[in-house]
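Worksheet for the structure shown next.
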Amino acid sequence: MTDPDPQPEAEAERTAEFDPEKFEEKYVHYFDELEEAYSNAYQQLHGQVDSEVLRAIDRQVLSESEPVYEGSGEFSVALPENPRERVGAVDDEEFEAVLSAFTERIERELQRLFEFGDWTAE
C-alpha cells in the first residue's frame, strides 16, 4: 500500500503563479498565503516590540484589514476606520510605530510569498 504524501501537492498550490484577477477573490484563491503573510509578520515582530501593543493591533485592527494588490508586484494593507480607537489605552507613538512596522512586514511577506522582486531589502 502506497501512502501518497499530500505535501508536494500543497506545495505546488502554494507556489502557483500569482494572478491579479484571482486576487480580487483573495480569500477563495489565496487564503493560505494571506494567513501565512500575516502570521510571519507577527512572528517577526514578536519579542521586538511591546507584546500587548502587537497583540492589540493584530486582534483589533489587522483582523479587520484588507490586503490590496496595487499592481507591479506591490501590496498594501487597507486598515479599518479609526484604527487607533480600536486598541484602547496604548501610547500613540508606540501604536503608530508598531502598526507601521506590522503593515510593512505584511506587505513584504506578500511580495515574498508571491515571488515579487527583492523582498529581502529592509
Side-chain angles (χ1 to χ4, degrees):
M1 179 167 101
T2 306
D3 184 15
D5 182 10
Q7 195 65 12
E9 186 178 315
E11 194 63 35
E13 285 179 0
R14 188 165 291 241
T15 58
E17 204 167 304
F18 178 79
D19 182 344
E21 289 181 21
K22 284 185 176 179
F23 202 76
E24 291 177 20
E25 295 184 39
K26 60 187 130 285
Y27 300 110
V28 172
H29 300 287
Y30 297 118
F31 182 80
D32 290 340
E33 290 84 356
L34 297 173
E35 190 174 66
E36 183 175 346
Y38 276 68
S39 177
N40 288 349
Y42 184 94
Q43 291 305 318
Q44 290 168 18
L45 290 172
H46 186 71
Q48 295 182 15
V49 299
D50 184 298
S51 62
E52 288 183 32
V53 175
L54 181 64
R55 189 172 25 260
I57 290 172
D58 183 47
R59 292 181 180 167
Q60 304 300 321
V61 178
L62 294 178
S63 65
E64 300 294 323
S65 69
E66 185 79 21
V68 177
Y69 179 64
E70 301 289 349
S72 302
E74 297 292 322
F75 293 89
S76 65
V77 177
L79 300 174
E81 287 188 38
N82 305 314
R84 177 62 189 90
E85 284 105 38
R86 292 171 172 261
V87 297
V90 298
D91 178 73
D92 287 340
E93 193 172 307
E94 187 168 20
F95 169 80
E96 291 298 331
V98 173
L99 179 61
S100 177
F102 206 161
T103 56
E104 286 173 13
R105 287 176 190 247
I106 291 168
E107 293 163 3
R108 199 165 54 231
E109 279 297 305
L110 289 168
Q111 288 179 319
R112 183 185 70 78
L113 289 168
F114 292 118
E115 300 178 347
F116 283 113
D118 181 18
W119 50 267
T120 59
E122 287 286 323

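Applying the side-chain hydrogen bond (donor to acceptor under 3.5 Å, both in side chains) test to Tyr38 and every residue at least two apart in sequence or in another chain returns Ser65. By the side-chain hydrogen bond (donor to acceptor under 3.5 Å, both in side chains) test, Gln44 is found to be paired with Arg105, Glu109, residues two or more places apart in sequence or in another chain being considered. For Glu35, the side chain to side chain contact (heavy atoms under 4.5 Å, CB included) partners at least two apart in sequence or on another chain are Phe31. For Glu25, the side chain to side chain contact (heavy atoms under 4.5 Å, CB included) partners two or more places apart in sequence, or in a different chain, are Val28, His29.
Rounding to the nearest 0.5 Å places CG of Asp19 at 5.5 Å from NZ of Lys22. Here the straight-line distance linking atom CG of Leu54 with atom CD of Gln43 works out to 9.0 Å at 0.5 Å rounding. Atoms CZ and CZ, on Phe23 and Phe18 in that order, are 5.5 Å from each other to the nearest 0.5 Å. Taking CG of Leu34 as the reference point, atom CD1 of Ile106 lies at 10.0 Å (rounded to 0.5 Å).
Residues in residues 47-56 take part in no side-chain hydrogen bond (donor to acceptor under 3.5 Å, both in side chains) pair, two or more places apart or across chains. Within the structure, salt bridge (charged side-chain N to carboxylate O under 4.0 Å, His left out) pairs that include any residue of residues 62-75 comprise Lys26-Glu66 (at least two apart or interchain).
Residues Val77 and Val49 are members of one and the same hydrophobic cluster, defined by side-chain heavy-atom contacts under 4.5 angstrom among Ile, Leu, Val, Met, Phe, Trp and Tyr. Connection of Phe116 to Tyr30 is established within a shared hydrophobic cluster, with ILVMFWY side chains joined at heavy-atom distances below 4.5 Å, either directly or through further cluster members.
Val61 places a side-chain heavy atom less than 4.5 Å from the side chain of Pro80. Side chains of Ile57 and Leu62 form a contact here, defined as non-hydrogen atoms less than 4.5 Å apart. Considering only heavy atoms from C-beta on, Leu110 comes within 4.5 Å of Pro67 through its side chain.
You'll find the ring centres of Phe75 and Phe114 inside the 6.0 Å limit.
The minimum heavy-atom distance between Val68 and Ala78, with the atom names listed, is CG2-CB, 4.1 Å.
Of the possible polar contacts, one joining the Arg86 side chain to the Glu81 backbone as a donor-acceptor pair under 3.5 Å is found.
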For residues 91-104, run the donor-acceptor check on the side chains, cut-off 3.5 Å, and write out each pair with its distance to 0.1 Å, sequence neighbours left out.
residue: Asp91; atom: OD2; partner: Glu93; partner atom: N; Å: 3.2
residue: Asp91; atom: OD2; partner: Glu94; partner atom: N; Å: 2.9
residue: Asp92; atom: OD1; partner: Arg84; partner atom: NE; Å: 2.6
residue: Asp92; atom: OD1; partner: Arg84; partner atom: NH2; Å: 2.9
residue: Ser100; atom: OG; partner: Glu104; partner atom: OE2; Å: 3.1
residue: Thr103; atom: OG1; partner: Leu99; partner atom: O; Å: 3.1
residue: Thr103; atom: OG1; partner: Ser100; partner atom: O; Å: 3.1

